[in-house]
Novice: 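Just dropping this structure here.
The chains referred to below are lettered A, B, ... by the order of the sequence lines, with proteins before strands, and numbering in each begins at 1.
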2 protein chains.
Amino acid sequence: MSTDPPGFVLPLRLLAGFRVLVDRLHAELAEHGHPGLRPVHGFVLQAIGPGGVSAADLGRRLGVSKQAAGKHLETLERLGYVERVPDPADARSKLARLTSRGTDSLALSARIFERLRSEWSTALGPDRLRALEEDLAKVTPGVLLPLDVPGWFGGA
Amino acid sequence: MSTDPPGFVLPLRLLAGFRVLVDRLHAELAEHGHPGLRPVHGFVLQAIGPGGVSAADLGRRLGVSKQAAGKHLETLERLGYVERVPDPADARSKLARLTSRGTDSLALSARIFERLRSEWSTALGPDRLRALEEDLAKVTPGVLLPLDVPGWFGGA
DNA sequence: TAGAGTTAGACAATGTTGTTGTCCATATAG
DNA sequence: CTATATGGACAACAACATTGTCTAACTCTA
């Protein structure tokens with residue numbers, strides 16, 4: 001029988017797993033025509049969704065200020081993933097919507113994540129991977145999209 | 001029988017798990033006399049270790065510039081977790097060492113992580129938690145301390 | 001329908017955290 | 001002894017987020 005590892009190993013393993021997946025995602029995205037995308041952008045693009053959002057709305061969804069959200073939209077617009085159109089329902093507001101490049105990148109990301117998951121499934125066995133996902137879901141109830149990672153983590 | 005979740009769920013679960021643990025750690029640290037510690041600091045304190053390090057050395061361990069490492073040491077010195085003494089073996093160098101408060105905070109963190117792990121162990125069953133740790137270790141070979149999370153993740 | 005309060009987004013100022021570059025003192029190799 | 005590399009301090013700069021302010025537009029209510 002094996003002994004339990006020290007408690008601090010668990011968070012490190014989780015972070016390492018996240019990081020391995022995301023690094024491999026972005027390596028592949030870069031190889032397939034999306035070299036400018038950064039980890040945050042995936043969260044932002046997901047948060048924009050098919051219907052489009054205003055900057056203030058995006059900020060609320062992501063837990064950052066509307067100014068910060070607006071800068072993300074600016075960047076993604078410059079990179080061609082987002083377009084901003086006047087909101088027909090509110091003259092103050094501009095709707096940020098995904099361009100076809102934006103939806104393409106999301107679809108490609110989904111395919112890549114699917115393949116990465118299937119690699120893990122091969123390495124670990126399908127049942128154990130599913131158990132891992134179920135167990136993590138059990139101990140992280142109601143955790144949503146955490147975009148504020150930079151500020152959350154840092155603090156020199 | 002259940003169906004597999006989409007691939008993008010896996011990284012989100014891993015990040016959520018990491019975040020839940022670290023948030024609870026720092027909530028408890030704050031309650032027990034360490035309100036100023038941030039998630040990065042745990043990594044820095046671990047990297048300093050019992051023997052002490054120079055700023056340049058710390059930067060290499062953490063994958064950041066020596067200036068950035070020096071600023072972390074400055075902060076931790078101001079908070080009372082680190083002291084800087086001249087290196088007897090090198091007159092250019094200053095050794096950063098943990099103060100007793102620094103080692104105390106590490107020991108407390110270890111105890112808290114131990115308790116958090118045991119909570120997960122109760123919730124999931126000891127075998128499944130151990131399987132989770134082993135499986136993650138299997139798919140994240142050789143991943144060390146990633147301190148560069150802010151810059152890595154961000155990019156407005 | 002008029003006025004009060006709220007909300008969107010632009011702009012400016014600021015703070016934090018990281019970077020590179022330069023500098024001097026010290027160490028080390030030839 | 002000299003040439004080179006390294007440690008740490010200082011300065012300039014860049015990236016990213018924050019708050020505050022301002023104007024325009026929406027919405028609720030009297």
Novice: Report all interatomic pairs (protein N or O, nucleotide N or O of nucleotides 1-7 of chain C) with separations under 3.5 Å.
Specialist:
residue, atom, partner, partner atom, Å
C:dT7, O2, A:Arg92, NH1, 2.3

Novice: What pairs of residues pass the salt bridge (Lys or Arg N to Asp or Glu O under 4.0 Å) test when at least one of them lies in residues 95-106 of chain A, not counting sequence neighbours?
Specialist: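 The answer is A:Glu83-A:Arg97.
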Novice: Got a list of side-chain donor-acceptor pairs under 3.5 Å for residues 62-69 of chain A, not counting sequence neighbours?
Specialist:
residue, atom, partner, partner atom, Å
A:Ser65, OG, A:Ala68, N, 3.2

Novice: Report the residue from B:Lys138, B:Arg117, B:Arg128 that forms a side chain to side chain donor-acceptor pair (under 3.5 Å) with B:Glu133.
Specialist: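 Considering B:Lys138, B:Arg117, B:Arg128, a side chain to side chain donor-acceptor pair (under 3.5 Å) with B:Glu133 is found only for B:Arg117.
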Novice: Provide, to the nearest angstrom, the distance between the CG atom belonging to A:Asp90 and the P atom belonging to D:dC28.
Specialist: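 My rounded result for the distance is 12 Å.
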Novice: Can you list the residues that meet the side-chain contact (heavy atoms from CB on, under 4.5 Å) rule with B:Asp23, with sequence neighbours excluded?
Specialist: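 Applying side-chain contact (heavy atoms from CB on, under 4.5 Å) to B:Asp23 gives A:Trp152, B:Arg19.
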Novice: Find which nucleotide of DNA chain C each of B:Ala69 and B:Lys66 is nearest to by heavy atoms, and output the residue with the more 5' nucleotide.
Specialist: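 So the residue in question is B:Ala69.
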Novice: Would you say B:Ser65 reaches C:dG18's phosphate, i.e. side-chain N/O to OP1/OP2 under 4.0 Å?
Specialist: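 No, outside the criterion.
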Novice: Can you tell me how far C1' of D:dC16 sits from CZ of A:Phe43, to the nearest Å?
Specialist: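 Spelled out: CZ on A:Phe43 to C1' on D:dC16 is 17 Å.
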Novice: A:Ser93 side chain N/O closer than 4.0 Å to the phosphate oxygens (OP1, OP2) of C:dG9?
Specialist: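 It does, given that an N or O in the side chain of A:Ser93 lies less than 4.0 Å from OP1 or OP2 of C:dG9.
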Novice: What pairs with B:Glu114 under salt bridge (charged side-chain N to carboxylate O under 4.0 Å, His left out), at least two apart in sequence or on another chain?
Specialist: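 By the salt bridge (charged side-chain N to carboxylate O under 4.0 Å, His left out) rule, B:Glu114 matches no residue at all.
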Novice: Start with the C-alpha distance between A:Arg111 and A:Glu28, add both sets of side-chain angles, then the distance that settles salt bridge (charged side-chain N to carboxylate O under 4.0 Å, His left out), and finish with yes or no.
Specialist: CA-CA 11 Å; A:Arg111 284 199 300 278; A:Glu28 300 220 20; over 6 Å; no
Novice: I need the NZ-P distance between A:Lys71 and C:dA13, as an integer number of Å.
Specialist: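 Computing the A:Lys71:NZ to C:dA13:P distance gives 13 Å.
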Novice: Taking salt bridge (charged side-chain N to carboxylate O under 4.0 Å, His left out) as the definition, give me every residue that meets it alongside A:Asp90, ordered by chain and number, with sequence neighbours left out.
Specialist: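 A:Asp90 satisfies salt bridge (charged side-chain N to carboxylate O under 4.0 Å, His left out) with A:Arg92 once adjacent residues are dropped.
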Novice: By a strict heavy-atom criterion of less than 4.0 Å, which residues belonging to residues 79-89 of chain A are in contact with DNA chain C?
Specialist: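 Nucleic-acid contacts, sorted: none.
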Novice: With sequence neighbours excluded, what pairs up with B:Glu77 under the side-chain contact (heavy atoms from CB on, under 4.5 Å) test?
Specialist: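 Once residues adjacent in sequence are excluded, the partners of B:Glu77 under the side-chain contact (heavy atoms from CB on, under 4.5 Å) criterion are B:Arg84.
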Novice: Examine C:dG18: is either OP1 or OP2 under 4.0 Å from a nitrogen or oxygen in the side chain of B:His72? Give yes or no.
Specialist: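 Checking C:dG18 against B:His72, a side-chain N or O does come within under 4.0 Å of OP1 or OP2.
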Novice: Please check the phosphate of D:dA9 (OP1 and OP2 only) for any side-chain N or O of B:Lys94 closer than 4.0 Å.
Specialist: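 Yes, such a contact exists.
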Novice: Rounding to an integer number of Å, can you tell me how far B:Gln67 CD sits from D:dC10 C1'?
Specialist: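 Spelled out: CD on B:Gln67 to C1' on D:dC10 is 10 Å.
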Novice: Sort and list the pairs that fulfil ring-ring contact (aromatic ring centres under 6.0 Å, His included) and have at least one residue in residues 75-103 of chain A, not counting sequence neighbours.
Specialist: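 Qualifying pairs: A:His34-A:Tyr81.
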